[in-house]
Amino acid sequence: MAKAAAQQRRKMETSEIVFKVIAYFVLIVFAIICVYPLLYALGASLSAAEPMREGKVVLWALDIQIDAFRYVVSDSKFWINYSNTLFMAGVGTVWCLFYSILGGYALAKRRLLGRHGWNFVLVFTMWFSAGIVPQYLNYQSTASVLSAIGISDLKWTVVLAMGMNAQNIILLRNAFEGVPQEIEEAARIDGATEMQVLWRVFIPMSRATIATVTLFFAISRWNGYFWAYKIMGTEQQYSWPVQVYIRDFMDGYTTLTGDGSEVVDVPFAGVNEQLYPEGYYGNGNYFTAASVLYAMVVAAVIPILVIYPFISKYFTAGVNMGGVKE
């Protein structure tokens, strides 16, 4: 019997080892799949035209040159649109957090009249989407209202009309429901108002979930492309986010079916190389439109790479706290 127990124990240990090997293998493959596009973009942005045309760039940069980045740095329109993205991401995140926290706090209160009905309506929007046309009409109506009060810059339309996210409100609601009622009652006995209870009790005790929701909102605003392009079109290029500008650059110098091997033939400040019919000859190497495109992508992703490590420590705790209701 002892021998059978030992064999069973060895079998369990072997299965656990097999599980761990498979799990680590899957995680490593998944990590490579996630990291590879960024490494390729960096390598392509630093590669000369010849290896890009011949398809030799697989991961690392070949015939390294920085002229694509020099082109991006000297492109004033790129940085104007970059500042628009900073504005939309920053102000949009603050706006979304403001009313999401208020909404989550209200829905977490059992004394809210019609609480179950409001929660059902919120969840219902996650099951059934209104579709593209109603959303577009909503954004157009918001733009009309803003124009009537003297705000014609469509950046504000993107910020104000694209703030709703039912999932994040539910995460905040669940996190607020996890705050012990005894702490809230103690604050009210001390004379705290409703806003003081929210600001000094619920928000500090739900920092992990709020940090996670902030990250969700910030990434969503930073990567926002489709509706910004549909709302602004070509009429307000000065208000484009950088993602729309990158897409416009891609449409202008490459084709959706092409390989991006066209060389850049637009003058840019700070580079005095001779202009050839095929493009610029910088530091001994041609650089293609694809290299410039990837340089823009690398520049656009830097803020997320810088901010994410500081918030990622709250991610797991925030999702677990806001995603599970006790």
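Along the sequence shown, residues carry numbers from 1. Only a predicted model underlies this, so the values are computations on that prediction, with no experimental measurement involved.
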May I ask you to test the [X]-[Y] pair for a side-chain heavy-atom distance under 4.5 Å?
{"X": "F202", "Y": "I183", "answer": "no"}
{"X": "T85", "Y": "Y245", "answer": "no"}
{"X": "M232", "Y": "V158", "answer": "yes"}
{"X": "M205", "Y": "P180", "answer": "yes"}
{"X": "K230", "Y": "W227", "answer": "yes"}
{"X": "M195", "Y": "L198", "answer": "yes"}
{"X": "V91", "Y": "K155", "answer": "no"}
{"X": "S206", "Y": "L172", "answer": "no"}

Is there a path of hydrophobic side-chain contacts, each under 4.5 Å between heavy atoms of I/L/V/M/F/W/Y residues, joining [Y] to [X]?
{"X": "V73", "Y": "L46", "answer": "no"}
{"X": "F249", "Y": "V301", "answer": "no"}
{"X": "F120", "Y": "L112", "answer": "yes"}
{"X": "L160", "Y": "Y225", "answer": "yes"}
{"X": "Y99", "Y": "I101", "answer": "yes"}

Basic-acidic side-chain contact under 4.0 Å: E184, K109:
yes

Distance from [X] atom [atom1] to [Y] atom [atom2], nearest 0.5 Å?
{"X": "N165", "Y": "L122", "atom1": "CG", "atom2": "CG", "value": "9.5 Å"}
{"X": "N84", "Y": "L154", "atom1": "CG", "atom2": "CG", "value": "11.0 Å"}
{"X": "S74", "Y": "K77", "atom1": "OG", "atom2": "NZ", "value": "14.5 Å"}
{"X": "S147", "Y": "I149", "atom1": "OG", "atom2": "CD1", "value": "9.0 Å"}
{"X": "L102", "Y": "L97", "atom1": "CG", "atom2": "CG", "value": "10.5 Å"}
{"X": "I22", "Y": "Y24", "atom1": "CD1", "atom2": "OH", "value": "13.5 Å"}

Flag yes if more than 12 heavy atoms outside [X] fall under 6.0 Å of its [atom1] atom; otherwise flag no.
{"X": "Y238", "atom1": "OH", "answer": "yes"}
{"X": "L305", "atom1": "CG", "answer": "yes"}
{"X": "R188", "atom1": "CZ", "answer": "yes"}
{"X": "W156", "atom1": "CH2", "answer": "no"}

Aromatic rings Y82 and W79: how do their planes relate, parallel, tilted or perpendicular, breaks at 30° and 60°?
tilted

Which label fits W240 and Y229: parallel for a plane angle under 30°, tilted from 30 to 60°, or perpendicular past 60°?
tilted

Does the separation of the ring centres of W199 and Y105 fall below 6.0 angstrom?
no

Pair Y40 + Y294: ring centers closer than 6.0 Å:
yes

